[in-house]
Novice: 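Below is one structure. I have some questions about it.
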Amino acid sequence: MNFKDLPVSALMDITSRPEIVFTEGAGSWLTDHNGKKYLDFIQGWAVNALGHSPKAIVDALAAQAPRLITPSPAFYNLPAIELANVLISSSCFQRVFFTNSGAEANEGAIKLARKWGKKHKDGAYEIITTVGSFHGRTIATMSASGKPGWDTMFAPQVPGFPKATLNDLASVEALINPKTVGIMLEPVQGEGGVNLATPEFMRGLRALADRHKLLLICDEVQTGVGRLGTLFGYQHYGVEPDIMTLGKGIGGGVPLGALMAKLEASVFEHGDQGGTYNGNPLMCAVGLAVMGEVAKPAFLAHVKRAGAHLSERLSALSRQMGLGEERGIGLLRALDLKDEIGAQVVSVAREGLTGVPGWAGRGLLLNSPRPPLLRFMPALNVSIEEIDLMIEGLAATLKIVRGK
Ligand SMILES: *Cc1c(COP(=O)(O)O)cnc(C)c1O
């Protein structure tokens, strides 16, 4: 297949894409239209919790598709009931609303908080979010996000999202007023560059929320479903939110998200929330398959072990090559390159390793969320050997980039 012959311009040009087309995936590996293989440490942006086309998901789709794809969310279906109960029994929440994406789950969380404010807090509607946060690409979730430039991009914004600073409790407290209904944050800012909330900050937010009668909302679209080595990120911190959102990993690659709430916060009335595909059995069957794998006793232990190994190897590489800080929790990690060479590293790892022993016909997929930073979000079942191979590829890449 020749890339130049493909009529790609029919697709809206929303981002600069490399001239490769992926045609197959298996586990931690992708194959492009020329048969070149790539070791994938992006995994659909922390989406493919079980890697590419895992048997559990293929089987779940093959079993559910001929049975029932969707009867409409106006009716019950078995996979949705079952998945909601699995999620409830493994978390601190009592109610679930399924969505098709992380942004939609966060939209739901914002609506739920505003509804709760109307019912219980005199119409309070402001949700304090953090600078550097990412909550999605709908107008409301862009407004909630603390990404530089997003406040003017599709102005006017949705009002009601004052921004505090991560790990600065006083900056949150200073924004609390009678209109405040909640605080929303990612336990680890993912797109913002793997910025970790400290345990003291999370505990402080819980105390502030309790003192001022506010909802604590955790956006766990990236940190949920095993990514941090615990089933949900809040469990790593030992701090229970009132509302949590899931996306990415819960679907293992298919469009599935969830809005979860404690009983007291679950205040939607008929007509408040819905959506054509929400909770459809095909996607929920996949969510069940993912949860089934992640719930196996050895699974989270593996995420912790693989995360510790990745951390050690990145730290050693940093010492050896004079790079900056390595940080993260579980299998959501970042490495500070100290120089703004992230984009070059990404492209050389993908395209330029073919002359390196062991990498003929192979490439490495890495992500650089900010110019001096690399982020690592492999499949949760990535092997120790694949981590070691990635480190070799990264070391070779850095030598090439720095030699230029
Ligand atoms: C990816 C992400 C979202 C948006 O999810 P989509 O499925 O792309 O809408 C929201 N919040 C966080 C923390 C994310 O990482």
Side-chain angles (χ1 to χ4, degrees), residues 12 14-15 41-49 97-113 127-147 150 153-154 158 161 163 166 182-197 202 205 216-228 230 232-234 236-237 241 243-260 275 277-280 283-284 286-287 290 328-334 367-370 373 375-378 380:
M12 280 196 195
I14 50 123
T15 187
F41 268 62
I42 299 176
Q43 287 288 356
W45 264 254
V47 163
N48 303 316
F97 172 77
F98 291 114
T99 66
N100 309 294
S101 70
E104 195 189 1
N106 286 334
E107 282 273 343
I110 294 163
K111 283 170 69 175
L112 193 59
I127 299 172
I128 298 168
T129 60
T130 58
V131 174
S133 64
F134 178 83
H135 297 297
R137 291 179 173 278
T138 63
I139 296 274
T141 55
M142 281 185 81
S143 304
S145 298
K147 231 178 135 149
W150 274 26
M153 226 168 146
F154 298 102
V158 176
F161 299 102
K163 304 286 180 303
L166 186 72
I183 303 161
M184 175 156 108
L185 83 163
E186 308 158 75
V188 177
Q189 288 184 346
E191 301 307 302
V194 189
N195 306 313
L196 282 61
M202 289 296 278
L205 288 183
L216 182 59
I217 305 167
C218 280
D219 175 350
E220 296 231 21
V221 171
Q222 194 152 149
T223 56
V225 192
R227 179 61 52 186
L228 303 190
T230 47
F232 304 113
Y234 77 84
H236 171 86
Y237 286 91
I243 294 173
M244 174 175 79
T245 54
L246 297 176
K248 298 198 165 99
I250 181 71
V254 306
L256 178 67
L259 163 65
M260 302 181 60
Y277 299 114
N278 296 58
N280 72 81
M283 297 305 111
C284 287
V286 173
V290 171
I329 305 175
L331 283 174
L332 181 56
R333 313 208 71 89
N367 167 248
S368 172
R370 288 197 283 112
L373 203 71
R375 175 174 45 164
F376 306 87
M377 38 194 166
L380 301 182

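Atoms within each ligand, like the ligands themselves, are counted from 1 in listed order.
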Novice: Show me which atoms of ligand 1 lie under 4.0 Å from any heavy atom of Ala103.
Specialist: 4 (C), 5 (O), 6 (P), 9 (O)

Novice: Under a 4.0 angstrom heavy-atom cut-off, which atoms of ligand 1 come close to Ser101?
Specialist: 7 (O), 9 (O)

Novice: Does the side chain of Ile42 come within less than 4.5 Å of Val47's, by heavy atoms?
Specialist: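 Heavy-atom side-chain distance check fails, nothing below 4.5 Å.
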
Novice: Would you mind listing which atoms of ligand 1 come within a distance below 4.0 Å of any non-hydrogen atom of Gln222?
Specialist: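 Here the atoms of ligand 1 in question are 15 (O).
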
Novice: Among all protein non-hydrogen atoms, which one is nearest to atom 11 (N) of ligand 1, and what is the separation to 0.1 Å?
Specialist: Asp219 OD2, 2.7 Å

Novice: For Asn106, which part has a heavy atom under 4.0 Å from ligand 1: side chain, backbone, both, or neither?
Specialist: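 The side chain, only.
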
Novice: Report the member of Gly224, Gly251, Gly102, Ala46 with the shortest heavy-atom distance to atom 7 (O) of ligand 1.
Specialist: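 Ranked by closest heavy atom to atom 7 (O) of ligand 1, first place is Gly102.
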
Novice: Please classify the Glu104 to ligand 1 contact at 4.0 Å (heavy-atom distances, strictly less than): side chain, backbone, both or neither.
Specialist: neither

Novice: Using a 4.0 Å heavy-atom cut-off, say whether Phe134 meets ligand 1 through its side chain, its backbone, both or neither.
Specialist: both

Novice: Under 4.0 Å from any heavy atom of His135, which atoms of ligand 1 are there?
Specialist: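 Those atoms are 10 (C), 11 (N).
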
Novice: Taking side chain as C-beta onward, heavy atoms only, is Ile110 less than 4.5 Å from His135?
Specialist: no

Novice: Please check if a non-hydrogen protein atom sits closer than 4.0 Å to atom 15 (O) of ligand 1.
Specialist: yes

Novice: For atom 1 (C) of ligand 1, which of the options Met377, Lys248, Arg137, Glu186 provides the nearest non-hydrogen atom?
Specialist: Lys248

